[in-house]
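For ligands, and for the atoms within them, numbers begin at 1 and follow the listed sequence. Hydrogens, waters and symmetry mates play no part in the numbers below; they use all other heavy atoms, side chains included.
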Amino acid sequence: MSSADSSQAVFPKEFIWGAATSSYQIEGAWNEDGKGESIWDRFCHTPGRIANGDTGDVACDHYHRWREDVALMRELGLRAYRFSISWPRLLPEGRGRVNQPGLDFYNRLVDALLDAGITPFATLYHWDLPQALQDKGGWPARATAEAFAEYADLASRSLGDRVKHWMPLNEPWVSAFIGYLEGRHAPGHTSLDEALAAAHHLLLGHGWAVPVIRHNAPSAQVGIALNLTTVVPASPSQADAEAARVRDGLINRWFLDPLAGRGYPQDMVRHFGRPMPFVQSGDLEAIAAPLNFLGVNYYARTIARSDAVPESENDPPTVLPNAERTAVGWEVCPEELYELLMRLHRDYAFRALLITENGAAYDDQVGPDGRVDDPRRISYLKRHLQAAARALAEGVPLRGYFVWSLLDNFEWALGYGPRFGIIYVDYATQRRIPKSSAYWYRRVMESNRVVD
Ligand code: FCB
């Protein structure tokens, strides 16, 4: 099937169509109704960390506007909604004392979703660690994994009678390596040893959470959402091929291998060359708890370059001057989604795959007629869905697709500049305007095919 032939891009009738968000990016109400401080509250309140000095203090004010947001989801015909639960809203100190109003919020949200015929997919950790736990060492400390299992217990005991799809973690690579090594995300540290310990304790917390959730939510489907990518060397040189192996090891295999029961990839253990005393007996077995699905967050391929090769030969903007890019500079490469899905199925064979995030930021504007027309987002989504359909047709057990994001929202260190939503948010008034991509996506969901 050629990628231009969208009429062939058909999905099964039980395909899960959804949209995704996360708590810190949309909820606001950062200190209301007993919520504790998270590491993102602290990070955003530290001058110089976030573009434009933006914070998630108010964000999309979803904590107050959730009814309207669920009504919009229903109007758009979403079958599923992936949201995350704010850990410090439930447990202000990270463990121990429960904040009932926080639980009430998610209880109401879940009930409203079910009333609207929308299946809730809950993520437990989309990066907003309680600051109280960071003060005790954060993810580099093993106690945080224990606290996470307790939090998973509380959340699944409270919601597990109604929520049947769970992801303990979203993108642990980002939490560990951008938060503790690159320092661009909360808590803003720059230590490889901390990042490696954080990655392990994230995975361990996940592994401990899986059976807890299954116990509390019988028949639950439990998975994980990873940021996954294909990695392409920037030049044919040996040095860039080597850089690509390391990049793939760092982003993909460091998480996929232990989850698939293979332990940490040995070439990467050698590459890091650091002791890993935090890996204790039984940990790898816990991390390998069988999953019902692997969640794939895909935005772009990664081009790997070695500093040993002259920049003129392997610098991506130089080598690819005409690459199509989104407003945040990410390259648009839909065919790589096909490659990624095929590779995941071939190399790891998880029971099912879900695309838990895919989408694009563009400089959307409200037109004189009050509408927001975003043809480039439609084109991005269309081509990625065609690639997904191709993988499905070739035997990949792809069960669903969630567009990132339902709403324009707080894009972490980039603040409110990038707009990823299929619904425009006017932050001054909190008015929501579905973009043309939202109406296009409604037709896709209705017909289970990629429409024009
Ligand atoms: C992913 C995150 C999500 C959002 C998108 C653009 O890495 O999971 O919160 O920021 O990128």
Side-chain angles (χ1 to χ4, degrees), residues 18-28 38-41 43-44 49-51 54-56 59-60 62 81-87 121-129 167-182 184-186 199 202 206 223-230 250-252 255 294-302 325-333 336-337 340 354-364 374 376-377 380-381 384 401-423 425 435 437:
T21 63
S22 86
S23 50
Y24 189 73
Q25 292 177 280
I26 67 164
E27 284 179 3
S38 80
I39 56 173
W40 272 94
D41 294 313
F43 197 64
C44 292
R49 291 300 202 173
I50 310 296
D54 288 346
T55 74
C60 306
H62 173 76
Y81 173 52
R82 173 174 177 240
F83 62 99
S84 82
I85 297 173
S86 161
W87 183 349
F121 279 65
T123 306
L124 287 175
Y125 187 69
H126 202 126
W127 312 349
D128 42 0
L129 183 71
M167 281 152 278
L169 299 182
N170 178 70
E171 303 190 354
W173 178 81
V174 173
S175 303
F177 289 94
I178 301 193
Y180 289 93
L181 174 63
E182 296 182 19
R184 288 184 288 119
H185 279 188
L202 281 153
H206 159 88
I224 186 169
L226 299 181
N227 52 296
L228 298 168
T229 175
T230 53
L250 177 63
I251 300 180
N252 297 322
F255 295 87
L294 172 70
V296 179
N297 293 357
Y298 174 80
Y299 290 90
R301 66 175 173 176
T302 298
R325 294 182 192 279
T326 68
V328 287
W330 299 353
E331 195 191 346
V332 178
C333 16
E336 296 289 324
L337 174 60
L340 175 64
L354 288 177
I355 295 172
T356 36
E357 288 182 25
N358 176 240
Y362 291 106
D363 295 322
D364 305 311
D374 58 341
R376 292 206 289 167
R377 181 170 294 99
Y380 178 101
L381 297 175
H384 284 78
Y401 177 92
F402 291 79
V403 63
W404 183 272
S405 178
L406 178 72
L407 302 167
D408 290 339
N409 60 44
F410 175 79
E411 180 49 29
W412 309 111
L414 303 177
Y416 292 99
R419 292 184 173 273
F420 274 92
I422 55 171
I423 298 177
V425 177
K435 303 177 191 177
S437 57

- Task: For the pair Phe410 and Ile50, evaluate side-chain contact (heavy atoms from CB on, under 4.5 Å) and give the outcome as yes or no after the intermediate values.
- Result: CA-CA 10 Å; Phe410 175 79; Ile50 310 296; 4.0 Å; yes
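Interface of Asn170 with ligand 1, defined as ligand atoms under 4.0 Å from a residue heavy atom, comprises 8 (O). Close contacts of ligand 1 with Glu411, meaning ligand atoms under 4.0 Å from a residue heavy atom, involve 4 (C), 6 (C), 10 (O). If you number the atoms of ligand 1 from 1 as listed, the ones under 4.0 Å from a heavy atom of His126 come out as 2 (C), 3 (C), 8 (O), 9 (O). Listed by number with element, the atoms of ligand 1 under 4.0 Å from a non-hydrogen atom of Phe420 are 6 (C).
Residue Trp412 has at least one nitrogen or oxygen atom sitting less than 3.5 Å from a nitrogen or oxygen atom of ligand 1, judged on distance alone. Remark: ligand 1 and Gln25 share an N or O pair separated by less than 3.5 Å (distance only, no angle test). Not a single N or O atom of Trp330, backbone or side chain, sits closer than 3.5 Å to an N or O atom of ligand 1.
In this structure the side chain of Thr123 never reaches within 4.5 angstrom of the side chain of Thr356, judged on heavy atoms.
By heavy-atom distance, the residue among Tyr299, Trp173, Trp404 lying nearest atom 11 (O) of ligand 1 is Tyr299.
Take Asp374 and apply the side chain to side chain donor-acceptor pair (under 3.5 Å) test, not counting sequence neighbours, and it matches Arg377, Ser436, Ser437. Annotation: ring pair (Phe, Tyr, Trp, His ring centres under 6.0 Å) contacts of His384 (sequence neighbours excluded): Tyr298, Tyr380.
Side-chain N or O atoms of Thr229 include one that pairs as donor or acceptor with a backbone N or O of Ala300 at under 3.5 Å.
Counting heavy atoms under 4.0 Å from ligand 1, residue Asn227 does not touch it at all.
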